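Everything quoted here is computed from the prediction, not taken from an experiment. Quick note on labels: first sequence line is chain A, next is B, and so on, each numbered from 1.
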Amino acid sequence: MLFFCQLFFRFGKHTTTTSQGKPRFLYTFFTNDFILPSFYGNFAALIRPMLQVQEIRNAFDDISSRLAKRGKRFDQELNDVVALDDKRKHTQTELDSLLASLNAISKEIGDCFKAGKRDEAEALKAKTVEIKEQTKQLESELREAIDALTDALTQIPNAPHDSVPTGKTPEENEIILSHGSEPSLTTNKPHWELCEQYDLIDFELGVKVTGAGFPVYKGKGARLQRALINFFLDEGLKQGYNEIQPPIFINEASGFGTGQLPDKEGQMYHMTVDNLFAIPTAEVPLTNLYRDVIVNKDDFPIKNMGYTPCFRREAGSYGKDVRGLNRLHQFDKVEIIQITHPDESYKTLEEMSLYVQSLLQKLGLHYRVLRLCGGDMGFTSALTYDMEVYSAAQEKWLEVSSVSCFETFQSNRLKLRFKNDDGKMQYAHTLNGSALALPRIVAALLENNQTDSGIEMPEVLRPYLGFDRID
RNA sequence: GGAGAAGUGGCAGAGUGGUCGAAUGCACUUGUCUUGAAAACAAGCGAGGGUCACACCUCCGGGGGUUCGAAUCCCUCCUUCUCCGCCA
């Protein structure tokens with residue numbers, strides 16, 4: 001934890017803005033040494049990770065009760081934050097006044113020299129010695145105070161939306177709708193058997209080349225992948241999403257921006273030689289395009305999407321859940337993100353949920369939508385809908401998409417802001433969702449459409465596929 | 001990988017030890033003028049902390065140092081650009 005705190009502290013001041021919402025890329029963040037920077041230069045970045053201190057102070061009870069939806073109370077943590085922020089303020093005020101007097105004396109000395117009063121100047125110089133000692137002391141105190149505050153703040157997850165059900169486990173998620181019905185099948189093989197039977201995906205070969213969880217797609221299996229990616233991108237285009245091809249490796253700063261670091265560092269593949277991480281989702285680069293950006297409020301909503309392979313170490317998972325396509329180290333996904341005005345974000349979340357559902361409907365899949373309970377939601381989310389498709393052969397629901405609203409939780413770290421109608425800087429809201437992740441869609445398509453003589457492909461995919469069925 | 005050059009406000013671009021948070025231009029906002037627009041003119045216009053509001057404090061790529069005082073001097077790191085090499 002300490003390690004990553006130090007990393008986090010090395011955010012610099014890199015304000016920039018955009019015209020027409022186009023981000024600028026600034027990569028002057030980190031150095032290879034581990035010395036903490038001067039607190040002042042980085043103050044803004046330091047004091048504003050995750051939940052906003054100001055928000056905690058202003059709406060303590062509200063945030064407290066929202067956090068309780070996660071099945072645990074955070075009052076102690078919240079109180080700590082306020083107390084640590086008080087300490088920070090006191091220390092800083094003290095230091096500031098000391099610096100003010102130092103500045104005043106320096107100016108006086110300058111004036112004395114100009115007026116030729118050498119002796120007077122020397123006398124004043126002597127006065128600064130003691131003050132400088134004191135500032136050094138206070139500087140280190142302030143540094144410690146900020147350190148402690150940031151540490152406390154990063155322990156607190158996002159405050160769930162009012163509509164989020166209280167709960168700790170997936171059983172407490174709320175099923176808000178179900179669409180379609182279970183297919184009636186004459187044959188009922190799991191997808192890994194179908195993949196072998198029709199030579200679509202070779203898991204063994206992947207093991208040989210790389211390792212478990214890195215499948216090799218072959219023939220119509222590979223073409224199905226390509227068709228789905230194109231289908232998803234074309235549909236997104238129709239919805240007004242701007243297509244982006246981001247890098248699939250990211251630096252540390254990006255990992256912090258979207259909250260993968262420091263929490264999920266073990267989940268990412270890390271290339272230590274160059275200190276880069278393979279992205280676990282396109283969310284990371286797509287959202288980080290807007291790090292340190294002041295967007296024009298007229299550009300809301302900003303809608304971007306990107307197809308990328310995703311890489312996840314999935315350390316610690318094993319057993320039946322990882323069979324076949326259910327859990328992979330490398331998989332493909334089209335991700336959609338939006339950046340909105342705070343007033344619009346929940347309306348946007350519904351819109352994104354409907355869009356993802358429309359994809360599932362076009363693919364003819366039986367699905368349901370869950371509103372995740374507080375305890376099952378990600379650390380950074382305020383409200384998450386999960387879409388699950390039914391796998392007839394495995395007789396279970398598979399999560400294929402997750403759409404979330406983060407409110408200001410990410411933008412706070414990213415320093416993604418806009419100037420509101422009052423001319424004040426305000427954090428934008430960020431949202432994202434998968435639209436969609438391929439593997440489980442492929443699994444469901446294969447299993448739910450199997451017949452004795454082959455696998456029928458959905459109508460919408462046929463133009464992309466160039467074939468109607470797999471046999 | 002080797003050799004050079006450079007990193008200042010939304011952009012361009014001055015500024016080499018003290019009235020510099022930073023000239024000037026562009027962009028932007030508001031006002032005057034105009035039927036309207038343009039042009040012209042006038043004013044405003046970086047971010048963060050702090051305050052009821054001021055005051056005040058911090059930030060000129062990051063970090064460290066010299067100095068009473070640093071955008072300006074020194075060290076170091078990072079990044080970008082140009083040339084060479086290698087290569088899809």
Chemist: Is there a donor in the side chain of A:S381 and an acceptor in the side chain of A:N158, or the other way round, less than 3.5 Å apart?
Modeler: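 No.
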
Chemist: Taking CG from A:L102 and P from B:C57, how many angstroms apart are they, rounded to a whole number?
Modeler: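 For the pair A:L102 CG and B:C57 P, the rounded distance is 10 Å.
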
Chemist: Provide the distance between the two P atoms, one in B:U30 and one in B:A37, to the nearest whole Å.
Modeler: 12 Å

Chemist: Using the P atom on both, measure B:A70 against B:C57 and round to a whole Å.
Modeler: 13 Å

Chemist: Using only atom types and a distance under 3.5 Å, with no angle test, would you say the side chain of A:S411 pairs donor to acceptor with the backbone of A:H429?
Modeler: no

Chemist: Taking the C1' atom in each of B:G18 and B:A6, what is the distance between them to the nearest angstrom?
Modeler: 28 Å

Chemist: Among the nucleotides B:G64, B:U51, B:G48, which one has an atom lying closest to any side-chain atom of A:R143?
Modeler: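 The closest nucleotide is B:G64.
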
Chemist: Salt bridge (charged side-chain N to carboxylate O under 4.0 Å, His left out) for A:E344 and A:K347? Distances and angles first, verdict last.
Modeler: CA-CA 5 Å; A:E344 300 295 318; A:K347 205 177 100 194; 3.1 Å; yes

Chemist: B:A55 P sits how many Å from A:E94 CD, rounded?
Modeler: 22 Å

Chemist: Report yes if at least one side-chain N or O of A:N103 is closer than 4.0 Å to OP1 or OP2 of B:C56; otherwise report no.
Modeler: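 No.
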
Chemist: Over how many whole Å does the gap from A:D298 atom CG to B:U29 atom P extend?
Modeler: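 Distance check: A:D298 CG to B:U29 P gives 10 Å.
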
Chemist: Tell me the interatomic distance from A:L138, atom CG, to B:G49, atom C1', rounded to whole angstroms.
Modeler: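 Computing the A:L138:CG to B:G49:C1' distance gives 16 Å.
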
Chemist: Which part of the nucleic acid, if any, lies within reach of A:K127 when heavy atoms closer than 4.0 Å are counted: base, sugar-phosphate only, or nothing?
Modeler: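 No contact.
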
Chemist: Output the rounded distance in Å from CD1 (A:I294) to C1' (B:G46).
Modeler: 8 Å

Chemist: Side chain of A:D96, heavy atoms from C-beta onward: which of B:C68, B:G49, B:G50 has the nearest atom to it?
Modeler: B:G49

Chemist: Give none if B:A39 has no partner; otherwise give the nucleotide forming a Watson-Crick or G-U wobble pair with it, both distances under 3.5 Å.
Modeler: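 None - no nucleotide pairs with B:A39, as no candidate has both distances under 3.5 Å.
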
Chemist: Ignoring backbone atoms, test whether A:R417 places a side-chain nitrogen or oxygen under 4.0 Å from the OP1 or OP2 oxygen of B:G48.
Modeler: yes

Chemist: For A:H270 and A:F277, take the angle between the two ring planes, folded into 0 to 90°, and tell me which bin it lands in: parallel under 30, tilted 30 to 60, perpendicular over 60.
Modeler: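 Ring orientation, 0 to 90° scale: parallel.
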
Chemist: Can you check the A:K107 NZ to B:G17 C1' distance for me, whole Å?
Modeler: 16 Å

Chemist: Map A:S101 and A:K125 onto RNA chain B by nearest heavy atom, then report which one ends up closer to the 5' terminus.
Modeler: A:S101

Chemist: Which heavy atom in A:P280 sits nearest to a heavy atom in A:V284, and how many Å separate them?
Modeler: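 Closest approach of A:P280 to A:V284, heavy atoms only: CD-CG2, 4.1 Å.
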
Chemist: On RNA chain B, compare the nucleotides closest to A:I105 and A:S97; which residue's is nearer the 5' end?
Modeler: A:S97

Chemist: For a quick check of understanding: with a heavy-atom distance under 4.0 Å over all strands, which category does A:T93 fall into, base, sugar-phosphate or nothing?
Modeler: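 Nothing: the residue A:T93, judged by heavy atoms under 4.0 Å, touches no strand.
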
Chemist: Take atom C1' in B:G21 and the same atom in B:U79, then report the distance between them in whole Å.
Modeler: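 Their C1' atoms lie roughly 24 Å apart.
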
Chemist: For B:G9, which nucleotide in any strand shown is its Watson-Crick or wobble partner with both distances under 3.5 Å?
Modeler: none

Chemist: Is there a donor-acceptor pair under 3.5 Å between the side chain of A:S97 and the backbone N or O of A:E94?
Modeler: yes

Chemist: I need the NZ-P distance between A:K87 and B:G49, as an integer number of Å.
Modeler: 20 Å

Chemist: With a non-hydrogen cut-off below 4.0 angstrom, is A:K419 in contact with a base, only sugar-phosphate, or nothing?
Modeler: sugar-phosphate

Chemist: Which nucleotide, B:G50, B:C57, B:C68, lies nearest any side-chain atom of A:R88?
Modeler: B:G50

Chemist: Scan every strand shown for a Watson-Crick or G-U wobble partner of B:G18, both distances under 3.5 Å, and answer none if you come up empty.
Modeler: B:C68

Chemist: Keeping A:K333 on the side-chain end and A:P439 on the backbone end, is there a donor-acceptor pair under 3.5 Å?
Modeler: no

Chemist: State which of B:C57, B:C68, B:G48 makes the closest approach to the side chain of A:F113.
Modeler: B:C68

Chemist: Can you tell me the base-pairing partner of B:C59? Count Watson-Crick or G-U wobble geometry only, both distances below 3.5 Å, and say none if there is no partner.
Modeler: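 Per the H-bond distance test, B:G46.
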
Chemist: Using atom C1' of each nucleotide, how far apart are B:C87 and B:A5 to the nearest Å?
Modeler: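 It comes out at 25 Å once rounded to the nearest Å.
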
Chemist: Any strand counts, and the cut-off is 3.5 Å on both contacts for Watson-Crick or G-U wobble. Which nucleotide pairs with B:C81?
Modeler: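 Across all strands, the one nucleotide that pairs with B:C81 is B:G4.
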
Chemist: Given that both distances must come in under 3.5 Å, which nucleotide forms a Watson-Crick or G-U wobble pair with B:A53?
Modeler: none

Chemist: Mind checking the P distance from B:C11 to B:A23? Whole angstroms is fine.
Modeler: 16 Å

Chemist: Whole angstrom is fine here: how far is it from NZ in A:K117 over to P in B:C68?
Modeler: 20 Å

Chemist: What distance, rounded to whole Å, do you find between the two P atoms, one in B:C73 and one in B:U16?
Modeler: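 Comparing P positions in B:C73 and B:U16 gives a spacing of 9 Å.
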
Chemist: Taking it one step at a time, do A:T430 and A:Q410 satisfy side-chain hydrogen bond (donor to acceptor under 3.5 Å, both in side chains)?
Modeler: CA-CA 7 Å; A:T430 62; A:Q410 285 185 329; 2.7 Å; yes

Chemist: By the 4.0 Å heavy-atom rule, please label A:I109 as base, sugar-phosphate, or nothing.
Modeler: base

Chemist: Write down the distance separating the C1' atoms in B:C60 and B:A71, rounded off to the nearest Å.
Modeler: 5 Å

